[in-house]
2 protein chains.
Amino acid sequence: MQLTRQSEYAIRTLLELSKYSDGEFIQSRAIAIQQDLPVQFLNKTVQILARTGLVETRRGMQGGIRLAVKPETITIADVVVAIEGKIAINPCLADDYHCVNRPNCRVHEILERAQSAMLAELDKETLADLVRDDNNERVI
Amino acid sequence: MQLTRQSEYAIRTLLELSKYSDGEFIQSRAIAIQQDLPVQFLNKTVQILARTGLVETRRGMQGGIRLAVKPETITIADVVVAIEGKIAINPCLADDYHCVNRPNCRVHEILERAQSAMLAELDKETLADLVRDDNNERVI
DNA sequence: AAGTAATAAGATTGTATTTATCCTATATAA
DNA sequence: TTATATAGGATAAATACAATCTTATTACTT
Ligand code: SF4
Ligand code: SF4
């Protein structure tokens, strides 16, 4: 019952990128150092984020990574889903899964509510919110 | 980001036991058949539930398993915690885990809220609630 | 007392997932 | 054309999960 490490890495990567967000490309190595993440694994993570359209990348000199959309529009839920795919805390909560008990299974129902409650929380906060509070803390 | 299969097995096992709950011992084989669970794995699951005090077991002839407490007092969250231990959807939400970033990490905060929201839902419903609704469905 | 029926407990296996790391390819700017 | 940066594929190591097997141990029955 855990998020993958990669999900948290992705959140913190995007958080780091949100601090710039004026179109400049930040190198993955710099992000890895700033956030203390394994750089090669981070690159893999960025590939996924790029494919799902959350970041843009540029190879070669002066290359790097930047947000593809405004940090105000990316929620933590977006990031987790980008990395792990659609969340299903029990197999039967996945779209394709079929269980014979499901029509009159109240367990399914409860788990669905629990999952929704969790995702709702993750969907409340955007990258912009997090960065803002982060900066506040530094100022004080 | 999934519950273990064992957690759901445990819930359904206790649900089955809740249908009787007049002190009689039900055999694990019967539960396994009723709920379509792998019987040996179910036995392992029951061992855990017995150690955590949710059920009582009796060996030998006329033996079996029964609830140790009233189904009104067992929530789904209780069952999940009994099987998986205290939930932590991210390592840093575990009691013993120490992360240097934690003091000013807003990610931690969000994840904590998300987890609490999920557990709150799982804590709303008791075994008694589920069985009651289950019976309703059958009557209709 | 012997035999049968049930769970307890521990070891072990098989599988899947997670978390990386390595290597080569490709793009880009200087 | 060279140095630099990500892309992508393969693979490895570690961990966790799900299930099974075997050998106790307990308790009723005859
Ligand atoms: S039995 Fe219920 S909770 Fe379990 S997989 Fe089927 S629908 Fe979901
Ligand atoms: S960086 Fe934040 S979210 Fe990640 S483990 Fe540390 S405290 Fe938790």
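So that the names make sense, note that chain A is the first sequence line, chain B the second, and so on, each numbered from 1.
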From [atom1] of [X] over to [atom2] of [N], roughly how many Å is that when rounded to an integer?
X       : N      : atom1 : atom2 : value
B/Met1  : C/dT19 : CE    : P     : 13 Å
A/Ile83 : C/dT17 : CD1   : P     : 17 Å
B/Gln2  : D/dA18 : CD    : P     : 9 Å
A/Glu8  : C/dA20 : CD    : P     : 11 Å
A/Asn90 : D/dC17 : CG    : P     : 14 Å
B/Arg29 : C/dT4  : CZ    : C1'   : 14 Å
B/Asn43 : D/dT23 : CG    : P     : 17 Å
B/Glu84 : D/dC17 : CD    : P     : 7 Å

Any chance the side chains of [X] and [Y] put a donor and an acceptor closer than 3.5 Å?
X        : Y        : result
A/Thr126 : A/Glu72  : no
B/Thr75  : B/Glu125 : no
A/Gln35  : A/Thr13  : no

**Prompt:** Base, sugar-phosphate, or nothing: which does B/Gln47 touch, judged by heavy atoms less than 4.0 Å apart?
**Reply:** base
Quick tally for nucleotides 21-30 of chain C: nucleotides whose base has a protein heavy atom under 4.0 Å get B, sugar-phosphate-only ones S, the rest -, giving BB---BBBB-
Value for CD1 (B/Ile74) from CG (B/Leu17), rounded to nearest 0.5 Å, stands at 9.0 Å
Between the NZ atom in A/Lys19 and the CG atom in A/Leu67, the distance rounded to the nearest 0.5 Å is 12.5 Å
**Asked** What's the shortest heavy-atom distance between B/Ile87 and B/Gln115, and which atoms?
**Response**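 Looking at all heavy atoms of both residues, the closest pair is O-NE2, 3.2 Å.
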Considering only heavy side-chain atoms of A/Thr4, the closest of D/dG8, C/dT19, C/dA20 is C/dT19
Any side-chain N or O of B/Tyr9 under 4.0 Å from OP1/OP2 of D/dA19?
-> yes
State whether B/Thr57 places a side-chain N or O below 4.0 Å from either non-bridging phosphate oxygen (OP1 or OP2) of C/dA8.
yes
- Query: Salt-bridged, A/Arg12 to A/Glu8, with N to O below 4.0 Å?
  - Reply: yes
